[in-house]
Number of protein chains: 2
Amino acid sequence: MNPSADGLLTPSDSTDSGAQQIRDAIRDAIVERRLAPGTKLSESDVGGLFNVSRTLARAALQALSYEGLVSVEKNRGAFVAYPSPEEARQIFAARRLVEPGILKSAAEHITAAQLKHLRHLLVEEGRLMGERGQSARRAEIKASGDFHLMLASISGNLIMQRFMEELVARSSLVIALYGQSSASSCGHSEHGDIITALEQKDVDTACHLMLHHIAHIEADLDLRERKSFGLKEAFEH
Amino acid sequence: MNPSADGLLTPSDSTDSGAQQIRDAIRDAIVERRLAPGTKLSESDVGGLFNVSRTLARAALQALSYEGLVSVEKNRGAFVAYPSPEEARQIFAARRLVEPGILKSAAEHITAAQLKHLRHLLVEEGRLMGERGQSARRAEIKASGDFHLMLASISGNLIMQRFMEELVARSSLVIALYGQSSASSCGHSEHGDIITALEQKDVDTACHLMLHHIAHIEADLDLRERKSFGLKEAFEH
DNA sequence: ATGGATTAAAGTGTATACAATAATTTGCAT
DNA sequence: ATGCAAATTATTGTATACACTTTAATCCAT
């Protein structure tokens, strides 16, 4: 039985090539934090939820494990990834390493239309910050990531784009686990500043702002080992 | 029937968890260029070669497609990837973007033992350059990549390490397709120079040398669209 | 012979079936 | 009641089976 997965996923009524679809749906659920880290994803449950056989469910889970969003343990099954503090540090180290370069490349290629699109994403993000409720929060989380992904897309490098997709998704998991201030939105204005620097073709400033921005997100994390003690320890004293 | 796969792969006699093993074996075969770009990898053939069912063969091929080493076309099957010139450019752009950062991080963490290990890899690489024959060539290709992977490993970031593994493997495919001077070894001395710079804690120089090195490899490529025209066109005039 | 439609073969997409492993429950002795 | 062992259940690992798509081969008409 998996009560926590009830109604969490949205099996889209579609005509597509199977596993990919399921993978995307589960990924969205993880990134938007409808599925908590550590949640068991049994093949039968996943298959049942999407009305497919275990074969496809398994393929989807396997795919997600390559992205680092799901960890599969031999003979034990798949779980929503539960990144360790060290893993979290490495994820953000990777972003610090990579995002300035992406930004630089994006600055070289960016068109007026794309700049407008970025601004559009920004106001959308702002609007969601104003709204209240679960679904607005989820949309906000996604929007915040989309800003970074849009930059990767503008950079014109598909490989870096896919890599950033992985990093952004995993970041969402890390923030879900270790984030403190519920305001994941704190970085909103920083996004705006980066766009402004881009508009002015000031790449160095933009990169600087980006590093600052990532540092801000990281600063909101409490990366102490969560021992996840069970019942007994939890109620001692 | 797939004659070209005959005797190319080495089904290791092992006790492991199935698909992973097959994936690794095929990846090695691709990276060491025993499998040419475009080669069809049918699920039955792969399964037969490793004495497993299509299920596992398929899983392995799927996994390789996530790494960009194999491309699977719906209802048509899996093929050793045949990167386009544009894809090739993006792979090397990604390396230029990422490797200086990795090198910087490696320089911060490197120990004396690791430096020694790097030097050891270097002499091994040199030794292989001297030898003659297919298997030496393959080993040399692998050794050349291992230098870059070792740096990623030293950087201490598992995520960047895995990313570099993907980039190095795909680079091998690109060189197989578009490389001109058969001497993939031309970069050997440059590897040495980078190590020397590392020894002297001169990170800036090391990064510079690295960028130069990557540029050198790229310069040896002829990135023109290969139309791969068939028979008729090939014999017109 | 050549071109095109039809038919046969081969291969992939997905579901199901069976074997092996891990988790859970039951039963028993203390 | 508590702790351990055996048996039961559930879940994963892998193979096989069947449906569907693509590719190749065959056949006929021109």
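This is a predicted model, so every value here is computed, not measured. The chains referred to below are lettered A, B, ... by the order of the sequence lines, with proteins before strands, and numbering in each begins at 1.
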Round to a whole Å and report the spacing from [atom1] of [X] to [atom2] of [N].
{"X": "A:Asp45", "N": "D:dT12", "atom1": "CG", "atom2": "C1'", "answer": "13 Å"}
{"X": "B:Leu41", "N": "C:dG11", "atom1": "CG", "atom2": "P", "answer": "13 Å"}
{"X": "A:Phe79", "N": "D:dT11", "atom1": "CZ", "atom2": "P", "answer": "11 Å"}
{"X": "B:Asn51", "N": "D:dT14", "atom1": "CG", "atom2": "P", "answer": "14 Å"}
{"X": "A:Glu43", "N": "C:dT14", "atom1": "CD", "atom2": "P", "answer": "16 Å"}
{"X": "A:Lys74", "N": "D:dT14", "atom1": "NZ", "atom2": "P", "answer": "6 Å"}
{"X": "A:Asn75", "N": "D:dT12", "atom1": "CG", "atom2": "P", "answer": "10 Å"}
{"X": "A:Glu73", "N": "C:dA22", "atom1": "CD", "atom2": "C1'", "answer": "12 Å"}

Keeping [X] on the side-chain end and [Y] on the backbone end, is there a donor-acceptor pair under 3.5 Å?
{"X": "B:Asn157", "Y": "A:Gln90", "result": "yes"}
{"X": "B:Arg54", "Y": "B:Gly48", "result": "no"}
{"X": "B:Tyr178", "Y": "B:Pro83", "result": "yes"}

Partners passing salt bridge (charged side-chain N to carboxylate O under 4.0 Å, His left out) against B:Glu166 (at least two apart in sequence or in another chain)
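B:Glu166 satisfies salt bridge (charged side-chain N to carboxylate O under 4.0 Å, His left out) with A:Arg162, B:Arg170 only.
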Can you tell me how the ring of A:His191 sits relative to the ring of A:His148, calling it parallel under 30°, perpendicular over 60° and tilted otherwise?
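A:His191 and A:His148: perpendicular rings.
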Nearest to the side chain of [X], which nucleotide is it out of [options]?
{"X": "B:Ser53", "options": "D:dT11, C:dA15, D:dT16", "result": "D:dT16"}
{"X": "A:Val52", "options": "C:dA15, D:dT22, C:dG13", "result": "C:dA15"}
{"X": "B:Leu56", "options": "D:dA15, D:dT23, C:dT12", "result": "D:dA15"}

Any carboxylate oxygen within less than 4.0 angstrom of a Lys/Arg side-chain nitrogen, looking at B:Asp28 and B:Lys142?
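So B:Asp28 pairs with B:Lys142 through a salt bridge.
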N/O (side chain, B:Lys40) to phosphate O (OP1/OP2, C:dT12) under 4.0 Å:
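The answer is yes; a side-chain N or O of B:Lys40 sits under 4.0 Å from OP1 or OP2.
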Identify, between A:Arg54 and B:Ala78, the residue whose nearest nucleotide on DNA chain C lies closer to the 5' end.
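With A:Arg54 and B:Ala78 compared, the 5'-side residue is B:Ala78.
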Scan for side chain to side chain donor-acceptor pair (under 3.5 Å) pairs involving residues 56-65 of chain B, sequence neighbours excluded, and state none if there are none.
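Applying side chain to side chain donor-acceptor pair (under 3.5 Å) to every pair that reaches into residues 56-65 of chain B, excluding sequence neighbours, yields B:Glu43-B:Arg58.
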Could you check which residues of residues 58-66 of chain A get a heavy atom under 4.0 Å from DNA chain C? Sort them by number, please.
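Here the set is empty: none.
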Relative to the 5' end of DNA chain D, which residue comes earlier, A:Thr55 or A:Gly77, by the nucleotide with the nearest heavy atom?
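The 5'-side residue here is A:Gly77.
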